[in-house]
Undergrad: 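Please find one structure pasted underneath; my questions will follow.
Here the structure is a predicted model, which means the values were calculated and not measured. Just so we're on the same page: letters track the sequence lines, and every chain starts at 1.
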Number of protein chains: 2
Amino acid sequence: MREPLRADMFADPDCSGRLQPIRFGDKWSGMVLRCLEDGPRRFSELRVPLHWITPKVLTETLRAMERNGFLTRTAHAENPPRVEYELTVLGRSALGPMNVACDWAREHLPALAEAREAYERG
Amino acid sequence: MREPLRADMFADPDCSGRLQPIRFGDKWSGMVLRCLEDGPRRFSELRVPLHWITPKVLTETLRAMERNGFLTRTAHAENPPRVEYELTVLGRSALGPMNVACDWAREHLPALAEAREAYERG
DNA sequence: CAGTATCCTAGGAGATACTG
DNA sequence: CAGTATCTCCTAGGATACTG
């Protein structure tokens with residue numbers, strides 16, 4: 001629940017390519033969803049597993065998800081500033097279909113790869 | 001099983017926007033998957049429900065899905081030519097997660113829309 | 001720390017025209 | 001009918017630098 005996010009959270013080479021045909025929103029939303037699964041996280045904390053995504057793009061992603069009601073943004077009046085992002089009930093409900101998609105991908109990734117090789121051979 | 005595809009198959013205005021945060025592959029793959037659900041279809045038959053997608057883009061989409069092993073392309077030696085696209089077992093298996101995602105979207109679309117309105121109001 | 005502000009680029013996607 | 005072949009456009013996404 002409160003362990004730090006691992007830097008290699010999305011480092012699996014099998015998933016870094018385009019083998020996974022199911023996407024959640026834009027490029028990063030699905031991964032952010034996964035990052036927030038175990039509780040609220042800070043801006044810079046999210047950057048680590050997300051391959052050091054640039055602040056501009058992470059801000060855009062978080063704003064879009066906030067706008068869609070997937071997460072809330074809480075700025076604490078401290079110095080240095082601390083901002084936390086946390087899934088809403090709606091956002092958490094999206095983990096359901098995402099897990100189904102992930103299970104499907106894990107199960108069929110070998111078949112995907114094999115189909116590509118067969119296609120390449122002609 | 002053999003009814004023609006309806007032209008307004010994807011005409012629902014609620015789904016034409018960006019409210020649906022789950023995407024299958026590129027812009028058209030998910031819809032093609034749905035179009036082939038009930039059996040093989042011809043190239044020009046697919047164009048109708050797909051908003052008269054340009055042939056170039058439909059070809060690209062079909063080639064990508066064929067490459068990933070989602071469907072097969074069968075050219076019949078006739079005149080005029082007839083080509084049929086049909087889902088493979090792998091392609092059909094992707095309908096599982098897609099239906100889960102569609103169910104989720106249908107259930108939460110009102111909440112999505114409401115979240116947006118609330119965000120817009122500030 | 002948690003962001004803005006600029007600038008830039010690759011490629012997904014469409015319009016249009018042509019062909020075996 | 002079932003596609004190619006070109007051309008063009010848009011924008012998601014990244015690089016870099018700066019700030020309250």
Undergrad: Name the closest nucleotide to the B:Val83 side chain, picking from D:dG3, D:dG14, C:dG20.
TA: D:dG3
Undergrad: Which base, if any, makes a Watson-Crick or G-U wobble pair with D:dG20, both distances under 3.5 Å?
TA: C:dC1
Undergrad: Tell me which nucleotide among C:dA13, D:dC1, D:dG14 gets nearest to the side chain of B:Lys27.
TA: C:dA13
Undergrad: Touch check for A:Arg47, heavy atoms < 4.0 angstrom, all strands: base, sugar-phosphate only, or nothing?
TA: nothing
Undergrad: Rounded to whole angstroms, how far apart are NZ on B:Lys56 and C1' on C:dA15?
TA: 10 Å
Undergrad: D:dT4 P sits how many Å from B:Arg73 CZ, rounded?
TA: 7 Å
Undergrad: Would you please confirm or rule out a distance under 4.0 Å between OP1 or OP2 of D:dA15 and any side-chain N or O of A:Thr54?
TA: no
Undergrad: With a 6.0 Å cut-off (strictly less than), is the heavy-atom count around CD of B:Glu45, excluding the residue itself, greater than 12?
TA: yes
Undergrad: Could you tell me the separation between the CG atom of B:Leu50 and the C1' atom of C:dA13, rounded to a whole number of Å?
TA: 14 Å
Undergrad: Below the 4.0 Å mark, does C:dA15 have OP1 or OP2 next to a side-chain nitrogen or oxygen of B:Trp52?
TA: no
Undergrad: Only pairs with both distances under 3.5 Å count, Watson-Crick or wobble alike; so what is the partner of C:dA15 in this structure?
TA: D:dT6
Undergrad: Take atom CD of B:Glu78 and atom C1' of D:dC1, then tell me their distance rounded to the nearest Å.
TA: 11 Å
Undergrad: When you check the phosphate oxygens OP1 and OP2 of D:dG3, does a side-chain N or O of B:Thr59 lie under 4.0 Å from one of them?
TA: no
Undergrad: Using heavy-atom distances to pick each residue's nearest nucleotide on DNA chain D, tell me which of A:Val57 and B:Tyr85 is more 5'.
TA: B:Tyr85
Undergrad: With a non-hydrogen cut-off below 4.0 angstrom, is B:Asn79 in contact with a base, only sugar-phosphate, or nothing?
TA: nothing
Undergrad: Starting at CD1 of A:Ile53 and ending at P of C:dG3, how long is that distance when rounded to a whole Å?
TA: 13 Å
Undergrad: What integer distance in Å separates B:His76:NE2 from D:dG3:P?
TA: 11 Å
Undergrad: Send over the distance from A:Arg23 CZ to D:dA12 P, rounded to a whole Å.
TA: 15 Å
Undergrad: Expressed in angstrom and rounded to an integer, what is the separation of A:Leu62 atom CG from C:dA2 atom P?
TA: 11 Å
Undergrad: Classify the angle between the aromatic ring planes of A:Tyr85 and A:Phe43 as parallel (below 30°), tilted (30 to 60°) or perpendicular (above 60°).
TA: tilted
Undergrad: Establish whether A:Val100 and B:Phe70 are linked, either directly or via other cluster members, by ILVMFWY side-chain heavy-atom contacts under 4.5 Å.
TA: no
Undergrad: Please pick, from C:dA2, C:dT4, D:dA2, the nucleotide with the shortest atom-to-atom distance to any side-chain atom of B:Arg82.
TA: D:dA2
Undergrad: Any idea which of C:dT4, C:dA2, D:dG14 is nearest the A:Ser44 side chain?
TA: C:dA2
Undergrad: Any side-chain heavy atom of A:Leu90 sitting closer than 4.5 Å to one from A:Asn68?
TA: no
Undergrad: Relative to the 5' end of DNA chain C, which residue comes earlier, B:Trp28 or A:Arg63, by the nucleotide with the nearest heavy atom?
TA: A:Arg63
Undergrad: Are A:Arg42 and C:dA2 close enough that a side-chain N or O sits under 4.0 Å from OP1 or OP2?
TA: yes
Undergrad: For A:Arg47 and A:Ile53, work out which heavy atoms get closest and say how close.
TA: NE-O, 2.9 Å
Undergrad: Would you find a donor on one side and an acceptor on the other, under 3.5 Å apart, between the side chain of B:Asp8 and the backbone of B:Ala11?
TA: no
